[in-house]
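Only one structure is covered here, and it is reproduced in the block below.
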2 protein chains.
Amino acid sequence: MTVTIYDVAREANVSMATVSRVVNGNQNVKPATRKKVLEVIERLEYRPNAVARGLASKKTTTVGVIIPDIANNLTAELTRGIEDIATMYHYNIILANSDQSEDKELQLLDTMLGKQVDGVVMMSNEVTDKIKFALEHTSVPIVLAGSIEKNHNIPSVNIDYYEAAYEAVNQLIANGHKRIAFVSGCLTYTVNGHYKLRAYEQALADAGLSTDSNLIYAEDDQYDDGLEAWSKLSTIENPPTAFFAGNDEIAIGLIHGAQDNGVNVPEQIEVISFENSKLARMVRPQLTSVVLPLYDIGAVAMRLLTKLMNKEQVEETNVILPHRIEQRQSIKTPAQP
Amino acid sequence: MTVTIYDVAREANVSMATVSRVVNGNQNVKPATRKKVLEVIERLEYRPNAVARGLASKKTTTVGVIIPDIANNLTAELTRGIEDIATMYHYNIILANSDQSEDKELQLLDTMLGKQVDGVVMMSNEVTDKIKFALEHTSVPIVLAGSIEKNHNIPSVNIDYYEAAYEAVNQLIANGHKRIAFVSGCLTYTVNGHYKLRAYEQALADAGLSTDSNLIYAEDDQYDDGLEAWSKLSTIENPPTAFFAGNDEIAIGLIHGAQDNGVNVPEQIEVISFENSKLARMVRPQLTSVVLPLYDIGAVAMRLLTKLMNKEQVEETNVILPHRIEQRQSIKTPAQP
DNA sequence: ATGAAAGCGCTAACAG
DNA sequence: CTGTTAGCGCTTTCAT
């Protein structure tokens, strides 16, 4: 009942090899033959079976995408970047959420490899040794998007989180703050939380400021955590006057926490964020934020993957995209020199 | 080099059929044999080739998911619901963005069917006749999630958009408003925009209010459009005192538009939204909004699809989930009776 | 330029 | 409970 390559071969009086050739755009077919075959294909509404093709050719033109949570702003943007480029190169993506669980990541990787994906792009906030080992022993290329494996043994696309965070904190320092809080999600579950924390500490140190563990809040990365962080941190002795937020939701939570208590931003406290999603403009004051180019990271990661799958030579497999800080109103305009 | 079922059969001194049986959990295998096979599988690190299995069994345990745009809040939530249930039933999903283009939808459907998906769930704000025709002539089941095909010939999961919108507008009317604006994305590109508009018009009519086309703004569905709608609508003669927003972003744009001009919400104008995403709580005042249970819609749609793929009997293929309105602060507390 | 034939790795009767 | 045997629908040499 389903029409196969054999059916069109018979109808067109050619061999299946020839049909295969025209379907795959092989040039070694006489135009007249091609035309005839094409007509039969049209008439019979023949649609090649990609599974059979995959078995025979050992290529599926599908790649696996493992991300923590598609319902999260960050990953949704990233995924869009991945998918757009995948489409451009005629790949489809199998998407799966890991919820940042090592077990799930491992298991997803396994089922995707079982499905013979031609490659995978993965986002993981914590590339454990186990994961790393698994990634290094696959038969198909893998690229990490927005995720770092310390030894740089796995292809990846990122920005310089450390440097970006350092600059962000510095801007707060430049505005005269001495008590700067760091609010982020749980470090191991947050996009490169460790880098941000290290940069934060170093920036303070370089400015001769001491790190106060009371100013570090790392629970979860939702809006409510920003709200919560505000209420915790604003009531301590010698409270912070500025906040470095790990992402936009937290930053907005912080701002609302302040405003709900009659504290003005940026007049009384200042907040800088690290994400610059569409949310950044959807608050008053709008967020000054490090821009994390998620879409681009996804797109570049996928592009890199196509090269790897294609066995092309790539000069640098650990790509660092440029970053910048979008200046808006949640911190005061930097003093002019 | 890649180890196949044949390799483990040889190593375990059994036939490939037996290996296949233990891999697939068939009970007709003597425990001792099973154990032996399992050991070899472990030792050889055998991983079944899902493509070969798919070709032989004509089942791929993957379903296609066609949505307008994964980077959009609404669809990301929906997709998470789909994916969770898919995982629960051991399906993987191939995800693709249509950007609400009929051509892309058609083409995606085609490539997914080519990849032999066992079913597809699709979200499309405008199920055109062409799409409808295509959906009705596939060999595998399809279910629409958060999308309606007028004749109800295609399985679907939704809420009663019309009724929900009617209630929302009515709440505005009950608060004494005579000039109520409707702000939504372009109707054909917005989730069930038509239903909202019709309900809006009917609610007004039922309250003896006339529809004023100047109060209807339907351009796009982003934050900026809310801002834009505010500046347009607030300057007309006899401006609206209340707004029915098609989604949360628009609602927030409207509120910010008002606040940026010194107009208080809900004291001076009231806004009701239709989505209730996490954004709804991330504004001041927080949004009163119809709750659109995207996650549930996705989950129920996928569950329905599993039944259909499984050829189970389902009593109702056009599922309507209950809806409600989450009362927050963007409109005044309804007068008590 | 075209065809014949051998798989790709697995499932699914059918025997036994 | 286990093995044999056909395919599933297509790509890919290798001939011609």
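Residue numbers start from 1 in every chain, and the chains themselves are labelled A, B, ... in the order their sequence lines are given, proteins ahead of strands.
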* Any idea which of C/dA1, D/dG9, C/dT11 is nearest the A/K30 side chain? -> C/dA1
* Between C1' of C/dC10 and NZ of B/K59, the distance in whole Å -> 14 Å
* To do: Identify whether the distance between the nearest side-chain nitrogen and carboxylate oxygen of A/K130 and A/E105 falls below 4.0 Å.
  => no
* Asked: C/dC8, C/dG3, D/dT2: which one has an atom nearest the side-chain heavy atoms of A/K58?
  -> C/dC8
* Structure fact -> Whole-Å distance, A/R34 CZ to C/dA1 P, equals 10 Å
* Using a strict cut-off of less than 4.0 Å between a Lys/Arg side-chain nitrogen and an Asp/Glu carboxylate oxygen, indicate whether A/E39 and A/K35 qualify as a salt bridge. => yes
* Could you tell me whether B/N13 contacts a base, only the sugar-phosphate backbone, or nothing, with contacts defined as non-hydrogen atoms closer than 4.0 Å? => sugar-phosphate
* Asked: Can a side chain N or O of B/S57 be found less than 4.0 Å away from OP1 or OP2 on C/dT11?
  -> no
* Please work out if A/D7 contacts a base, only the sugar-phosphate, or nothing of the nucleic acid, heavy-atom cut-off 4.0 Å. => nothing
* Side-chain-base donor-acceptor pair under 3.5 Å for B/R21 and D/dG3 -> yes
* Asked: Tell me: CD1 of A/I5 to P of C/dA5, nearest whole Å?
  -> 17 Å
* To do: Could you work out which one of C/dG9, C/dC10, D/dG3 sits closest to the side chain of B/V14?
  => D/dG3
* **Given A/L321, A/I82, A/L144, A/V319, the one that forms side-chain contact (heavy atoms from CB on, under 4.5 Å) with A/I297** => A/L321
* What is the nucleic acid contact for B/T4, judged by heavy atoms within less than 4.0 Å: base, sugar-phosphate only, or nothing? -> sugar-phosphate
* To do: Let me know the distance between CG of B/L55 and P of D/dA6, rounded to the nearest Å.
  => 18 Å
* To do: Could you check which of D/dT11, C/dG9, C/dG3 has an atom nearest any side-chain atom of B/A52?
  => C/dG9
* Asked: Are B/Y6 and C/dG7 close enough that a side-chain N or O sits under 4.0 Å from OP1 or OP2?
  -> no
* Between A/D296 and A/R303, does at least one N-O distance fall below 4.0 Å, as a salt bridge requires? -> no
* Asked: Which pair of non-hydrogen atoms, one from A/N151 and one from A/K132, has the smallest distance, and what is that distance?
  -> OD1-NZ, 3.0 Å
* For B/A17 and B/A56, take the nucleotide of DNA chain D holding the closest heavy atom to each; which residue's nucleotide lies nearer the 5' end? -> B/A17
* So, B/K58 and B/D118, do they make that salt bridge, N to O below 4.0 Å? -> no
* D/dT2 phosphate, OP1 or OP2: any side-chain N/O from B/T18 under 4.0 angstrom? -> no
* To do: Determine: side-chain N/O of B/S20 to OP1/OP2 of C/dA12, distance under 4.0 Å, yes or no.
  => no
* Rounding to a whole Å, what distance do you find between B/K35:NZ and D/dT2:P? -> 14 Å
* To do: Return no unless some side-chain N or O of B/T33 is found under 4.0 Å from OP1 or OP2 of D/dC1.
  => no
* Asked: Quick one: on DNA chain C, does A/M16 or A/P31 contact a more 5' nucleotide (nearest heavy atom)?
  -> A/P31
* Interatomic distance where CG belongs to A/N28 and C1' belongs to D/dT12 [whole Å] -> 13 Å
* Find the distance B/Y46:OH to C/dC10:C1' and express it as a whole number of Å. => 7 Å
* To do: Answer with base, sugar-phosphate or nothing: what part of the nucleic acid does A/N49 contact at a heavy-atom distance below 4.0 Å?
  => sugar-phosphate
* To do: Using atom CD of A/Q116 as one end and atom P of D/dC10 as the other, report the distance to the nearest whole Å.
  => 18 Å
